[in-house]
Amino acid sequence: MESINAKYVSQKISKTRWRPVSHSSLQQADIFATGSWDNEDNRISLWSIGNHGSSGMDDGFEGDPQLLCEHKHDGDVLDLQFLDQDRVVTASSTGAVTIFRHHQNSQTLSLSQRWERAHCYPCDNAPCTSIVCSSPEIVSVGEDGKIIVFRSDHEGVVRVIENADSSTIHAVTYLRTTEILTVNSIGQLKLWDLRQQGSSPSQILSLSGDRVPLRCVDRHPNQQHIVATGGQDGMLCVWDVRQGNTPFSLMEAHSAEMWEVHFHPTNPDHLFTCSEDGSLLHWEISSQSGMPSFLQGGRNNSMISRSAMAPAGGNQSLISAWLSGDSSKGRLETTHMLPSQTLSVNSLDVLGQCLVCGTDGEAIFVNRQVPI
């Protein structure tokens, strides 16, 4: 726990994201963005955990995160994503999607582009609940059940899937370059092929039994058919979009809503979840043999309430450990990442060995030595 720094920021933090680093460099994560909610004046802020402009060596990571710059944000920040090194996109409770530009020379943020009331009802704003970016493309979803495609180099909206969902869409992510995944408030995971002009998903998967709202979604960075979701009931679900229409396994993760789930971007045997219950969990597939765990075929965990066996006839050595029901070769371990918390952990992001999360306790926590 000594590697965790807590920074109290006098605002409830709804979202936090690391600025991407170049894959070709050995640079560590050093700048992250936060967005606030439920405050008199909401803000988007950029923070540094290094001596900004230094070489990024270990001696540059001492002490608390330092505020670089911030900008007023209309409405609650319901999502936040980096479009590239210099631009941040936000989703607002007012229905707007906004691009902010970071001017690194002057350490200022300016409003670059905004689509007002992108999400709306006939007579009122509809909150924009989630966005995903693949520059120059931005995809947003909202309470109004719409999926909207924007481009940062276009002023107008590129495409609207008007009646994509009859219920609230809570989160969106890319499955592949032209395909997205959405989760909604009636427990459905939907796949959309943006090359198709219609307004119907190419596939619908759903929780059987009670239609518990799904709150968050992430896909495995290497095996794109593997998807993790988190529910209002705190359950972590792992899906194989190639196999059937129900989750492959369900795990009792949290005692309240799971707000975010993230595979580690370069070491996906590690997964992280955070919740309304005030906890941040690190999930690790630990191999019990000399074989790398991403080639292992199994896990064993008391929190698994049910799981399916690996697909019949499948090549066991190539089946992800997240999907295998064979418990003899590996196991899933969970670790609490935060000291005792009582208020909601709303957002997390992980890059390299650096993890950041934001809470309703008006605190940002940064861990620079995540064991991966």
Side-chain angles (χ1 to χ4, degrees), residues 1 3-4 16 18 171 173 183 189 214-240 247-289 291-308 310 319-339 341 344-357 365 367 369-372:
M1 295 297 182
S3 58
I4 290 183
T16 179
W18 289 109
T173 193
V183 293
L189 172 66
L214 294 174
R215 291 287 184 180
C216 52
V217 60
D218 195 26
R219 70 148 169 82
H220 193 288
N222 304 333
Q223 300 183 58
Q224 295 168 330
H225 56 280
I226 300 173
V227 176
T229 62
Q232 183 168 292
D233 55 0
M235 296 290 281
L236 171 63
C237 300
V238 179
W239 312 67
D240 182 346
F248 207 89
S249 60
L250 293 95
M251 287 157 270
E252 295 168 1
H254 297 276
S255 60
E257 288 98 332
M258 188 191 301
W259 293 129
E260 286 194 353
V261 56
H262 290 292
F263 287 100
H264 191 281
T266 55
N267 195 345
D269 285 353
H270 298 258
L271 179 134
F272 300 83
T273 59
C274 65
S275 169
E276 177 76 24
D277 67 10
S279 65
L280 171 65
L281 293 181
H282 173 195
W283 303 71
E284 178 185 1
I285 296 169
S286 60
S287 168
Q288 291 178 332
S289 76
M291 220 178 7
S293 55
F294 63 84
L295 293 179
Q296 287 293 323
R299 65 187 186 289
N300 180 21
N301 188 287
S302 61
M303 288 190 286
I304 298 171
S305 56
R306 71 195 142 104
S307 67
I319 293 169
S320 167
W322 288 108
L323 294 182
S324 175
D326 177 7
S327 63
S328 63
K329 299 191 186 76
R331 65 185 188 277
L332 189 61
E333 295 180 349
T334 56
T335 308
H336 283 268
M337 298 290 289
L338 290 181
Q341 283 293 299
S344 178
V345 181
N346 297 323
S347 181
L348 74 96
D349 198 23
V350 61
L351 188 61
Q353 282 191 288
C354 297
L355 181 143
V356 62
C357 69
F365 291 91
N367 185 331
Q369 296 173 22
V370 176
I372 56 161

- Can you find a pair of side-chain heavy atoms, one from Thr266 and one from Pro221, that are under 4.5 Å apart?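 With C-beta onward as the side chain, the pair stays apart.
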- Query: Can you find a pair of side-chain heavy atoms, one from Leu332 and one from Trp283, that are under 4.5 Å apart?
  - Reply: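 Leu332 vs Trp283: side chains touch.
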When rounded to the nearest 0.5 angstrom, what is the spacing between [atom1] in [X] and [atom2] in [Y]?
| X | Y | atom1 | atom2 | value |
| --- | --- | --- | --- | --- |
| Met251 | Leu271 | CE | CG | 8.0 Å |
| Glu284 | His270 | CD | NE2 | 4.0 Å |
| Asp269 | His264 | CG | NE2 | 11.0 Å |
| Trp322 | Leu236 | CH2 | CG | 7.0 Å |
| Leu351 | His262 | CG | NE2 | 11.5 Å |
| His336 | Leu281 | NE2 | CG | 5.0 Å |

Which heavy atom of [X] sits nearest to which heavy atom of [Y], and what is that distance?
| X | Y | answer |
| --- | --- | --- |
| Cys354 | Trp18 | O-NE1, 3.2 Å |
| Met235 | Met258 | O-CE, 3.5 Å |
| Ile372 | Gly352 | CD1-O, 3.3 Å |
| Val261 | Gly230 | CG1-N, 4.3 Å |
| Ala256 | Glu276 | CB-CB, 3.8 Å |
| Cys274 | Asn346 | SG-C, 3.9 Å |

- Query: Parallel under 30°, tilted from 30 to 60°, perpendicular over 60°: which one fits the rings of His220 and Phe263?
  - Reply: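 The rings of His220 and Phe263 sit tilted, inter-plane angle from 30° to 60°.
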- Aromatic ring pairing Phe272/His282, orientation class (parallel under 30°, perpendicular over 60°, tilted between):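 Plane angle under 30°, so parallel.
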Has [X] got a side-chain atom pairing as donor or acceptor with [Y]'s backbone, closer than 3.5 angstrom?
| X | Y | result |
| --- | --- | --- |
| Thr173 | Asp218 | no |
| Gln232 | Glu257 | no |
| Glu260 | Leu348 | yes |

- Message: Applying the side-chain contact (heavy atoms from CB on, under 4.5 Å) criterion to Phe365, which one of Leu280, Leu355, Val356, Ile4 satisfies it?
- Response: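 So the option named by the test is Ile4.
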- For His254 and Ser279, what are the C-alpha separation, side-chain angles and deciding distance, and is it a side chain to side chain donor-acceptor pair (under 3.5 Å)? CA-CA 8 Å; His254 297 276; Ser279 65; 2.8 Å; yes
